[in-house]
Every structure is written in structure tokens, then in C-alpha cells.
S.K.: 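If you scroll down you'll find the structure; I have some questions about it.
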Amino acid sequence: MPRAIKSVKGTRDFLPPETRLWSAVEETARRVFDTYGYEEIRTPVLEETDLFVRSVGESTDIVGKEMYTFLDKKGRSLTLRPENTASVVRAFVQHGLANQPLPAKLFYIGPQFRYERPQKGRYRQFHQIGAELIGDPGPETDAELLLMLLRFLGELGFRDLLVQLNTVGDDESRAAYREGLRSFLEPLRQQLGEDSRRRLDSNPLRILDTKSPEERELLKGAPELAEFLSEESRDHFDGLRRALDRFGVAYEIEPRLVRGLDYYTRTVFEIISEGLGAQDAIVGGGRYDGLVAELGGPELPGIGFAIGEDRLIEVLPERFSQAVAASEPVVVIPVGEVPAVEALDLAERLRAEGLAVSAELSGRSVKAALKKADRSGARLAILIGEEELGEGLVTLRDLKAADQSTVPRADLVARVEEIL
RNA sequence: GUGAGCGUAGCUCAAUAGGUAGAGCUCCUGACUGUGGCUCAGGUGGUUGUGGGUUCGAGCCCCAUCGCUCACCCCA
């Protein structure tokens, strides 16, 4: 016997009925995003490796050790996208979208890939629903993006979600802070862990969100970014907070929220959820005012978020999942000597009317067919018997009420719709 | 990449101190020749993740490997 092949580590098959849930979530996203004027963009799963090196950042964990990178047959270095913002910005630049009315508002839904050790809420192929807005620097734009995000999550039944918010300042603020932090930590170098010592050279800001209690203790006397913020960055952050307050958005300032992608500037945010264990962030995002230019485009600001769809579905409120309807509410069953094709014929007529119908074609007994219909969650069974066939009648059986009646075919659609 | 726990039927799990694999659910059939949800009877389904070792004998012990799960790390 040949070896059975299994799905690759960290990847999953999504089977019915769970796939209905995924579709429903994605439809909700499309509907809500549409009300904010966002259009869908689909970018390739495969990109030139350099795209991520330049945008996400060489010193980040994502680029340093989590990418699916390989050489193609011509020796080009390609990478399965570990996130989607870089691709969206690349496409924006490549197609000259800056020449269309700004800001550009784009959303995407699709798989992303990172070579990590899988655990709860973390997969090698995972899925993100994200949105990007390019070409508007104002804090009201940040607020609107967050309002859209929260409206979407609200439509899914989430309540009381708390947005964690911070600002990492503009390039100048960050450069100044980086030096401030470095000169504070340099004397303490020997007390830092191995990772943090390395970051002291490459990216000192990342040390801030360490989880090590000893390092947190050391950091207590560290300078804060707020002290180094440029006036513009401070104004921007204050403007965002005023807007969020006006719309009643619940948020908390999380000064140590830094985020692991290099392209973020100013506004950064996260939403975490209970019930996900250690991987509890369901949304992450922020502003990236230098990224478009970094990727060869014009000097345009941008902001976006990415929702972890796998994690989102893991903690989806029950009232949403329960509202996702069952399939095939009607089953057509041939009785006695009536050929299966008659059941197919009737099913086709009903489908043409827009009804979800399955036909019993396998020749099983009426009894077995009803049993199967019942277990599948069907609401109605239509029995085509020899006795009624000649007179243009069928038997309509309500599987929940357990009663049935004989109805003319002409009235069938109306009767079915009445019951459903 | 590091650590820990776990891999027996499609699913959930059994298998006394190593003695040659079983149940429930699911699925199919029948009791009920054109009528389901209950009950009863029967059937399909496993080289115990894989490879090696110890042993007269391994699902059980040892090693390796793959996978799953959780945590570290990182992030969605």
C-alpha cells in the first residue's frame, strides 16, 4: 500500500461545515469594508525576497528566520509572503495608483506563510484579513480605520474589545529615542539576556516589550519615547486620541507596544482576545509613513491593519456562528419504482427558483433516505411517488413537524418557501 | 531554534504486571416490500504514526524519526 500523504506541518485543511464560517466572516468583512469605500486587492503569494527585506526589515525575526525563501529555476530568490502590507504597497507603486484619487483604500483576504513552530493560534500557513489606506496623513484617518475595524468586529458579535494603542513617533523621534535608550542600556549590557544584547545593537526598541521580569525591572528607569517625540508626532497622537474619544472607542495606551516590523511609524495598535493562550493578538497594525517611498514610490503616508483570521474564528462569538445557516434545507426522494432521474428533474426545477435542494439519487430506500435527510438537518422532504406522479402531485413532508400533505407541483415552490 | 506532554478504527477512547486489539459514536443493511428521529440485530472499517532494538513474545519497554499539542521566542 502506498504511503498516505498528509498535509504539510503547520498547514490545515478546512472542512465543512467550518468553511461556512470562514465564508461568512469574509462576506461580513467585504460588506463592512465596502461601506467605508475600500476595494479588494489580490496580490501574488510569491514575491521577490528583497521586498520583505526592505519593508519588514532585515533585523526582524520574520525576515531573519521565519520566511519560506527559495531559489527558483533561474536562481531568483523568492519568498512566500509572510504578511501582505509590503505586497500591497509594492502593487500600489508598480501600477502608479498614486495617480488615482487619493487616498487609496484597499483590503485583502488571503493566506500568509511563516516558518515557525506551530502552536495554538500559530500556523505556518495562516490567514489575514487586512486593510491599507495610502495617501492621507491625518489622525482622523487613523481613527476612521480603527472605527472600520471595530465595526467589522462588532458585526461578528465581538463586544468590549480593547484597543491597545501607542505611538512610536516619526523617523527623527525614533532615531533620537533609539540613541537615548541605547545610552541608558549600554552600561547594563551584561545584565541583559542574549537576545536583548543583540537587539541593543540592531534594534533597541524591541527590548522594550521583553517578557523577562529581570529585564522589565531594569527598564523601569529607562527613558520613555514620549520624551523624544517630535511636536508633529505628539500632535498626531493627541489628535487620534481626541477622535477616538469622540466616537467612544475603548482604548488604552500601552507605552511598551512597539511591534516587530520595521516599517511602522507613529500610530501602532493591537487588539488581543482571551481564549487564545499565548498567541492572543487577533489584530495588529499601524502607520507606515515611510514605506511607500522606501519601496520606490512617492512620499506618501500609509496606515493599515491585519486581522488573524484563524485566531478570529477560534474565538468567534457563538451568536455569530449559530446564525450561519445549515445547507440543503430540502431533499427530493423518489419512492417505489419512480426513477432517480425524476427526483433530479424536480430538484433542478426548484434550484432554478433559487432553493437549496439535494436529490436522493443513490437508490436507497425511502426509509434510509428520510433518515439521512433528517440527520443532515434538512427541513423538508419531497416524495415523488408513482401514485401521485401521473396527477402532477408530490408529497411534501415537514421533517420537524412530522406531518405531510399532497400538493400540486405548480404550488410546490410557494408552499416550500412558506415553510422555510 | 529550545523545552515538555502525547500519537490505537473517520471521531472519542479501552486493552489488568509485556501474552498476539475492543467499545461507543459515525457510516451501510435489515427487523418495518411508499415514510425519519427510539429500540434491536448484523456489517464495513486497524500491517497500534514510521523505522530499528530488547524479548520466546511489544499497543505497552529502549532508541531514532515524523506528526500533533502546549509553552519559550515571535507575532496575526
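The figures that follow rest on heavy atoms only: side chains count, while hydrogens, waters and symmetry mates do not. Chain A is the first sequence line, chain B the second, and so forth, proteins listed ahead of strands; every chain is numbered from 1.
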S.K.: Please determine, for U50(B), whether a Watson-Crick or G-U wobble partner exists with both distances under 3.5 Å, and give it or none.
M.R.: A64(B)

S.K.: Under 4.0 Å: is that the gap between some side-chain N or O of Lys367(A) and OP1 or OP2 of U35(B)?
M.R.: no

S.K.: Got a salt bridge between Arg30(A) and Glu40(A), using NZ or NE/NH1/NH2 to carboxylate O under 4.0 Å?
M.R.: yes

S.K.: For U44(B), what is the paired nucleotide under Watson-Crick or G-U wobble rules, both distances under 3.5 Å?
M.R.: none

S.K.: Taking for each residue the nucleotide of RNA chain B with the nearest heavy atom, is it Glu270(A) or Val8(A) whose nucleotide lies nearer the 5' end?
M.R.: Val8(A)

S.K.: Looking at Asp374(A) and Lys371(A), is there a salt bridge between them, counting it only when a charged N and a carboxylate O are closer than 4.0 Å?
M.R.: no

S.K.: For C73(B), does OP1 or OP2 lie under 4.0 Å from any side-chain N or O of Arg117(A)?
M.R.: no

S.K.: Which nucleotide sits closest to the side chain of Lys372(A): C73(B), G30(B), C28(B)?
M.R.: C28(B)

S.K.: Expressed as a whole number of Å, how far does the C1' atom of C61(B) sit from that of U55(B)?
M.R.: 10 Å

S.K.: Between C75(B), C74(B), U35(B), which one does the side chain of Glu116(A) approach most closely?
M.R.: C74(B)

S.K.: Which is more 5' along RNA chain B, the nucleotide nearest Leu276(A) or the one nearest Gly121(A)? Just name the residue.
M.R.: Leu276(A)

S.K.: Side chain of Arg122(A) only, please: which of C73(B), G34(B), G36(B) is the nearest?
M.R.: C73(B)

S.K.: What nucleotide, of G67(B), U35(B), G34(B), holds the atom closest to the side chain of Lys6(A)?
M.R.: G67(B)

S.K.: Can you identify which nucleotide, out of C74(B), C28(B), A71(B), has its nearest atom closest to the Gln279(A) side chain?
M.R.: C74(B)

S.K.: Take atom C1' in G59(B) and the same atom in G7(B), then report the distance between them in whole Å.
M.R.: 11 Å

S.K.: Tell me the partner of C74(B), counting only Watson-Crick (N1-N3 plus N6-O4 or O6-N4) or G-U wobble (N1-O2 and O6-N3) with both under 3.5 Å; none if nothing fits.
M.R.: none

S.K.: A71(B) phosphate, OP1 or OP2: any side-chain N/O from Gln119(A) under 4.0 angstrom?
M.R.: yes

S.K.: Below 6.0 angstrom between ring centroids: does that apply to Phe269(A) and Phe305(A)?
M.R.: no

S.K.: P atom, C25(B) versus G37(B): distance in rounded Å?
M.R.: 15 Å

S.K.: Short question: side chain of Arg397(A), backbone of Leu380(A) - any donor-acceptor pair under 3.5 Å?
M.R.: no

S.K.: With hydrogens left out and only the distance checked, is there a donor-acceptor pair under 3.5 Å joining Glu388(A)'s side chain and the base of G34(B)?
M.R.: yes

S.K.: Between Arg12(A) and Asp310(A), does any NZ, NE, NH1 or NH2 come within less than 4.0 Å of an OD or OE carboxylate oxygen?
M.R.: yes

S.K.: Say we look at U33(B) and A9(B): how far apart would their C1' atoms be, to the nearest angstrom?
M.R.: 34 Å

S.K.: Using atom C1' in both nucleotides, what's the gap between U47(B) and C6(B) to the nearest angstrom?
M.R.: 22 Å

S.K.: For U69(B), which nucleotide in any strand shown is its Watson-Crick or wobble partner with both distances under 3.5 Å?
M.R.: A4(B)

S.K.: Quick check: does any side chain N or O of Glu83(A) sit under 3.5 Å from a backbone N or O of Ala86(A), one acting as donor and the other as acceptor?
M.R.: yes

S.K.: In whole angstrom, give me the gap between the P atoms of G24(B) and C40(B).
M.R.: 10 Å

S.K.: Starting the side chain at C-beta, find the nucleotide from C72(B), G67(B), G36(B) nearest to Lys9(A).
M.R.: G67(B)

S.K.: Nearest to the Glu386(A) side chain among G34(B), U35(B), C75(B), which nucleotide is it?
M.R.: G34(B)

S.K.: For nucleotides U39(B) and G5(B), find the distance between their P atoms and express it as a whole number of Å.
M.R.: 42 Å

S.K.: Does G59(B) pair with anything, Watson-Crick or G-U wobble, both distances under 3.5 Å, and if so, with which nucleotide?
M.R.: none

